[in-house]
Amino acid sequence: MARPRQHAPEALHAQVMAECDAWLQVHSAHSLSLRALARHVGCAPSTLLKLYGSFSNLLQHVNIETLARLRTVIEPLIGEATPEQRLKALALAYWQFAQREPFRWRLLFDYPLAQEGELDERQSAMIEALFLRVEATLREYQPALDDMEARRLGRTLWGSVHGLVQLGLNERLGYWQGQQLEVGELLDQLLTTILAGLADRPDPS
């Protein structure tokens with residue numbers, strides 16, 4: 001039997017991420033195994049275990065790459081003219097990302113995030129940065145919000161957007177006059193309603 005090719009850790013990691021990306025373009029992560037992945041990159045499964053510690057950790061690296069991709073989608077939207085336009089653009093971009101990368105997007109939620117160590121720190125920092133963008137925009141829209149209120153509202157808003165995106169991907173939002181309800185239109189209605197209520201918030205002073 002031929003010996004597996006030797007890889008430097010950085011080169012092997014890049015190859016593994018590329019193979020995972022190719023797989024997730026057409027398949028879910030549930031159908032991917034460590035053995036199959038090792039075969040695709042030309043090494044032994046034990047080599048991948050030595051590099052990542054576990055298959056679960058390997059998938060967490062894929063999640064980090066997914067979060068990085070989502071960040072690159074969101075960053076250009078920070079310059080949108082008004083807070084309302086910005087929030088609506090962020091929500092729509094989230095939906096469009098999930099449509100383009102459905103298996104990557106689902107992997108973020110199908111497997112628990114890392115719980116400790118460097119992976120946990122990297123994931124937490126990336127997720128927190130995304131939330132801070134939303135919270136800062138909410139406070140710009142309504143300066144009367146304090147830090148805790150903005151934090152809670154940011155999570156509530158994201159949970160609502162996420163729910164519509166998940167239902168939209170699963171085609172579970174229902175129909176109106178024979179046509180499936182459009183996620184983009186529902187997101188716009190959601191943001192319009194929430195922001196209208198936030199704008200009418202009485203000044204506590």
Side-chain angles (χ1 to χ4, degrees), residues 4-79 86 89-136 154-155 158-159 161-166 168-170 183 187:
R5 298 190 302 272
Q6 299 301 307
H7 303 265
E10 297 82 4
L12 178 57
H13 174 67
Q15 191 175 355
V16 169
M17 292 298 102
E19 288 293 339
C20 287
D21 183 53
W23 185 271
L24 291 172
Q25 293 300 315
V26 292
H27 305 288
S28 78
H30 293 288
S31 57
L32 180 63
S33 69
L34 184 72
R35 186 176 298 277
L37 189 54
R39 184 171 62 251
H40 281 294
V41 299
C43 71
S46 59
T47 302
L48 296 184
L49 287 175
K50 183 178 180 180
L51 181 62
Y52 294 103
S54 68
F55 186 53
S56 177
N57 280 347
L58 187 157
L59 294 178
Q60 297 303 338
H61 281 278
V62 178
N63 279 339
I64 286 175
E65 190 169 283
T66 301
L67 289 169
R69 291 187 183 194
L70 184 57
R71 182 177 59 195
T72 63
V73 169
I74 287 174
E75 287 296 333
L77 304 176
I78 304 306
R86 201 176 310 146
L90 289 171
L92 184 59
Y94 186 65
W95 163 234
Q96 292 171 341
F97 180 85
Q99 283 183 297
R100 287 194 308 271
E101 307 259 15
F103 296 121
R104 269 189 173 277
W105 184 84
R106 286 192 171 100
L107 178 58
L108 279 173
F109 308 101
D110 286 350
Y111 288 84
L113 292 174
Q115 299 298 313
E116 59 185 17
E118 181 194 5
L119 284 173
D120 174 44
E121 293 175 4
R122 290 174 65 187
Q123 288 179 346
S124 296
M126 296 173 83
I127 293 170
E128 185 66 14
L130 296 175
F131 275 128
L132 287 175
R133 293 289 191 187
V134 175
E135 292 167 25
R155 266 64 177 178
W158 175 84
V161 169
H162 176 78
L164 286 174
V165 168
Q166 188 165 37
L169 283 180
N170 293 331
V183 175
L187 290 173

> When you check the side-chain N and O atoms of Asn170 and Gln166, is any donor under 3.5 Å from an acceptor?
no
> Apply side chain to side chain contact (heavy atoms under 4.5 Å, CB included) to the pair Leu32 and Phe55, showing each step before the final yes or no.
CA-CA 10 Å; Leu32 180 63; Phe55 186 53; 4.2 Å; yes
> Would Arg71 and Glu75 count as a salt bridge (charged side-chain N to carboxylate O under 4.0 Å, His left out) here? Give the steps.
CA-CA 6 Å; Arg71 182 177 59 195; Glu75 287 296 333; 5.3 Å; no
> Between Leu58 and Leu49, is there a side-chain heavy-atom distance shorter than 4.5 Å?
no
> Name the residue from Val161, Val73, Leu77 that meets the side-chain contact (heavy atoms from CB on, under 4.5 Å) definition with Leu90.
Leu77
> Is it true that Arg155 and Glu128 have a side-chain N and a carboxylate O under 4.0 angstrom from each other?
yes
> Could you walk me through whether Leu169 and Val183 pass side chain to side chain contact (heavy atoms under 4.5 Å, CB included), step by step?
CA-CA 9 Å; Leu169 283 180; Val183 175; over 6 Å; no
> Is a donor on one side and an acceptor on the other found under 3.5 Å between the side chain of Ser31 and the backbone of His27?
no
> Answer yes or no: is there a side-chain heavy-atom contact under 4.5 Å between Leu51 and Thr47?
no
> Heavy-atom distance under 4.5 Å between the side chains of Tyr94 and Leu70, does that happen here?
yes
> Please check if the side chain of Ser124 supplies one atom and the backbone of Asp120 the other of a donor-acceptor pair under 3.5 Å.
yes
> Could you check if a side-chain atom of Val62 sits within less than 4.5 angstrom of a side-chain atom of Val16, using non-hydrogen atoms only?
no
> May I have the step-by-step check of ring-ring contact (aromatic ring centres under 6.0 Å, His included) for His162 and Trp105, ending in yes or no?
CA-CA 11 Å; His162 176 78; Trp105 184 84; 5.1 Å; yes
> Give, for atom CD of Glu121 and atom CE of Met126, the distance between the pair rounded to the nearest 0.5 Å.
13.5 Å
> His61 and Tyr52: aromatic ring centres closer than 6.0 Å?
yes
> Any side-chain heavy atom of Gln25 sitting closer than 4.5 Å to one from Glu101?
yes
> Measuring only between side-chain heavy atoms, which start at C-beta, is Arg104 closer than 4.5 Å to Arg69?
yes
